[in-house]
Amino acid sequence: MTNTELAATFSKIADLLQIKGEVIYKILAYRKAAESLTDLGREARAVWEEGGIPALIEIPGVGKAIAEKIDELLTTGELEFLNKLTAEIPGTLADLMPVPDLGPKKIKLFYDELDIRTLDQLEEAAQNGKLRGLPGMGEKSEAKILAGIASLKRRKETGDRIPLERAWPFAQEQLAFLRGLPGVEAVEAAGSLRRMRETVGDLDLLVAASDSGPVMEAFTTQPGVARVLGQGPTKSSVEYTNGMRAQVWVYPPERYGTALQYATGSKDHSVKLRELALDQGLSLSEHALTDTETEKEILCTTEQEVYEKLGLQWVPPEMREDRGEVALAKTGKLPRLVEIGDIVSSLHNHSDYSDGKTTMREMAEAAIARGIKVLAITDHSYSLGIVQGVTAEDLLKQREELDALQKDLGSRIRLLLGVELEIRADGTLDFEDDVLATLDIVVAALHVSLRQPREQVTERLLNAIRNPHVDVIGHPTGRQIPDRDPADLDMDAIFAAAQEHDVALELNANPRRLDLKDIYVRRAMEMGIKLSINTDAHHPDHFDLLHFGVATARRGWATPEAVINCWKPEKLLVWLETRGG
DNA sequence: GCCGTTTTCGGCCCGACTGTTTTCAGTCG
């Protein structure tokens, strides 16, 4: 049973308990545990095999009761507690919770009064006007539920969260639109986009303006808006014709700091802040910090002031997931996270020797223009058929050409010849050691047979890590957002091997990959494993995807020391040279 | 159900918006 499956179980329990009307804090505890399991950088099963229930209790949000339930689930695959619960109320009621504007109270009402247990039954009842007679229900509520069901079905087809790759550019357009409106003093994307999560639920846009009315009016009536989901003086939300949703908040400039903090979240991070504020006799809301005694407001123009007033270091948005950052900020010990300006080397790139779109020279010149000091050309090796990868002979020719190019470019950039070495389906590598030994850097990667059984696909990657010539494992899990799942790897084994053999794990910056993902970056950091952030550029423009990788690294609390691309070129070259057996 | 440099029991954030209401409940973030 995977973390995802465990999380789904506890999430379902939370839904059913909420519909049943259980006290909210118990429900929140199950939800917190579900989220914590999802965010755990390793498998709960491995934790459990190592240390049993006591080890499980070490997981944040998991106490004795939930640890015992995990134990039962991992032992038997069943959970007596859930079985009893579904004997009381139908388990299918949990499927209704994702319907927008439909919550536990109404689900309970419909079940009690009309015996509605499924989405289809609910839809039918709404269509036939059966809901409007119930207490607190009217025609509008009924229509809202139908719209919610339609929206849910749509999102099921397209995926309920939008990949950062799509959300980011669209958000930039919306920000530009808002920035251009009269009276607007500042604009910022908040929410999970500002935290740079790999997928985004909806866009959260924050505006500083003294008069909100005109901004709200312009926002909700702009071209591209399919329907207005809500509109008030401080908050409005819309659905666009492209299916995305956004909400915009408008606050006066003098309250912008608290508003930005609130809109950025995450919810759990903000709750921690609000609790901390209460300890200091302050109530924190999106409008202000308020002294609970005197009810006097303290306004914060900037977010920095909010954190400062609470006695905290300012927490970078990427860290705001309630994963221990508030405690560190309290003691002033937040790590110095990697920044885009720290990156001086680009170590996984392609040219027209394989499937890159341009020559090595064009790539080098584009890299120089972006301030890159070390550029590795790592074309695919030959067995990856579809891209016409390089053979040993090609590498000789490529080396000659690269040497000439290096001479030409002089000290403006240091060029390295490498390869993106194919890890074949049978676990062997495309080149023998004598060929690999001639290269400056080797990035080994999986591209084929990603669906092999766990043991087999893990062993392939381990074999590559053990090879003394392999320096970096490229996009380790092979996932693509949103449609390709990662290979079923034993990540504990991969991390242990990378640590033992001092092999760097890549954080592929392409927003379709972001592989390693944030929680694995965090685990790599904890284990002292080196990271390599690369754009995997197949075209000069791809160098500009770097910020996605850096943001993901920051989400995993990566420091510049841990990222080999941040090292001084001399240090990097020494590291690469002393490797290779 | 979880958690603890003021607590192992008694806490556990705060507000906006909508729809159905005559003052509030439900949902969302």
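Keep in mind that this is a model prediction, so the values were computed, not measured. Sequence lines set the chain letters: A, B, ... in the order given, protein chains first and strands last, and positions in each chain run from 1.
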Please determine if a side-chain N or O atom of [X] lies less than 4.0 Å away from the OP1 or OP2 oxygen of [N].
X: A/Thr234; N: B/dC17; answer: yes
X: A/Tyr30; N: B/dG1; answer: yes
X: A/Ser237; N: B/dC17; answer: no
X: A/Lys69; N: B/dG1; answer: yes

In whole Å, measure the gap between the [atom1] atoms of [N] and [M] for me.
N: B/dT20; M: B/dT27; atom1: P; value: 13 Å
N: B/dC12; M: B/dT7; atom1: C1'; value: 13 Å
N: B/dG15; M: B/dG10; atom1: C1'; value: 25 Å
N: B/dT6; M: B/dG1; atom1: C1'; value: 24 Å
N: B/dC17; M: B/dT8; atom1: P; value: 41 Å
N: B/dC28; M: B/dT23; atom1: P; value: 26 Å
N: B/dG11; M: B/dA16; atom1: C1'; value: 26 Å

Is there a Watson-Crick or G-U wobble partner for B/dG15 with both distances under 3.5 Å, and if so, which one is it?
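Pairing partner: B/dC28.
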Would you please determine if the base of B/dC12 is stacked by A/Tyr25, with stacking meaning a centroid separation under 5.5 angstrom and planes under 30 degrees?
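Stacking is present between B/dC12 and A/Tyr25, given that their ring centres fall under 5.5 Å apart and the planes under 30°.
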Audit row: A/Ile19, A/Leu96, side-chain contact (heavy atoms from CB on, under 4.5 Å) steps and yes/no:
CA-CA 10 Å; A/Ile19 293 164; A/Leu96 304 182; over 6 Å; no
Under 4.0 angstrom, heavy atoms only, what part of the nucleic acid is [X] near: base, sugar-phosphate, or nothing?
X: A/Leu278; result: sugar-phosphate
X: A/Leu28; result: nothing
X: A/Ser270; result: nothing
X: A/Lys64; result: sugar-phosphate

Output the rounded distance in Å from [atom1] ([X]) to [atom2] ([N]).
X: A/Gln231; N: B/dT18; atom1: CD; atom2: P; result: 8 Å
X: A/Glu275; N: B/dT7; atom1: CD; atom2: P; result: 17 Å
X: A/Lys26; N: B/dG10; atom1: NZ; atom2: C1'; result: 16 Å
X: A/Leu276; N: B/dC14; atom1: CG; atom2: P; result: 12 Å
X: A/Leu82; N: B/dG1; atom1: CG; atom2: P; result: 13 Å
X: A/Leu310; N: B/dC13; atom1: CG; atom2: P; result: 15 Å
X: A/Gln261; N: B/dC13; atom1: CD; atom2: C1'; result: 11 Å
X: A/Arg255; N: B/dA16; atom1: CZ; atom2: C1'; result: 15 Å

Does [X] come within less than 4.0 Å of [Y], counting only side-chain N to carboxylate O?
X: A/Arg195; Y: A/Glu325; result: no
X: A/Lys235; Y: A/Glu286; result: no
X: A/Arg45; Y: A/Glu49; result: yes

Compute whether any side-chain donor of one residue and acceptor of the other, for [X] and [Y], lie under 3.5 angstrom apart.
X: A/Glu185; Y: A/Tyr256; value: no
X: A/Thr92; Y: A/Arg117; value: no
X: A/Thr559; Y: A/Glu561; value: yes

When you get a sec, tell me which of B/dT18, B/dA16, B/dC14 is the closest nucleotide to the side chain of A/Lys144?
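Looking only at side-chain atoms, A/Lys144 lies closest to B/dT18.
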Decide yes or no on ring-ring contact (aromatic ring centres under 6.0 Å, His included) for A/Tyr262 and A/His287, but give the supporting numbers first.
CA-CA 9 Å; A/Tyr262 159 75; A/His287 302 286; 8.4 Å; no
Would you kindly compare A/His287 and A/Asp279 by the position of their nearest DNA chain B nucleotide and give the one closer to the 5′ end?
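This one resolves to A/Asp279.
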Heavy-atom side-chain proximity of A/Leu507 to A/Tyr520 below 4.5 angstrom
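No. Closest side-chain heavy atoms not under 4.5 Å.
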Under 4.0 Å protein heavy-atom contact, by nucleotide of nucleotides 20-29 of chain B - B base, S sugar-phosphate only
S-----SSSB
Could you check whether atom CD of A/Glu339 has more than 12 heavy atoms from other residues, nucleotides or ligands sitting under 6.0 Å from it?
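It does: A/Glu339 CD has more than 12 such atoms within range.
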Please identify each residue that fulfils side-chain hydrogen bond (donor to acceptor under 3.5 Å, both in side chains) with A/Gln304, with sequence neighbours left out.
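So A/Gln304 forms no side-chain hydrogen bond (donor to acceptor under 3.5 Å, both in side chains) with any residue.
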Under 3.5 Å between N/O atoms: give me all the protein pairs with nucleotides 3-5 of chain B, atom names plus distance.
unit_1: B/dC3; atom_1: OP1; unit_2: A/Gly61; atom_2: N; d: 2.8

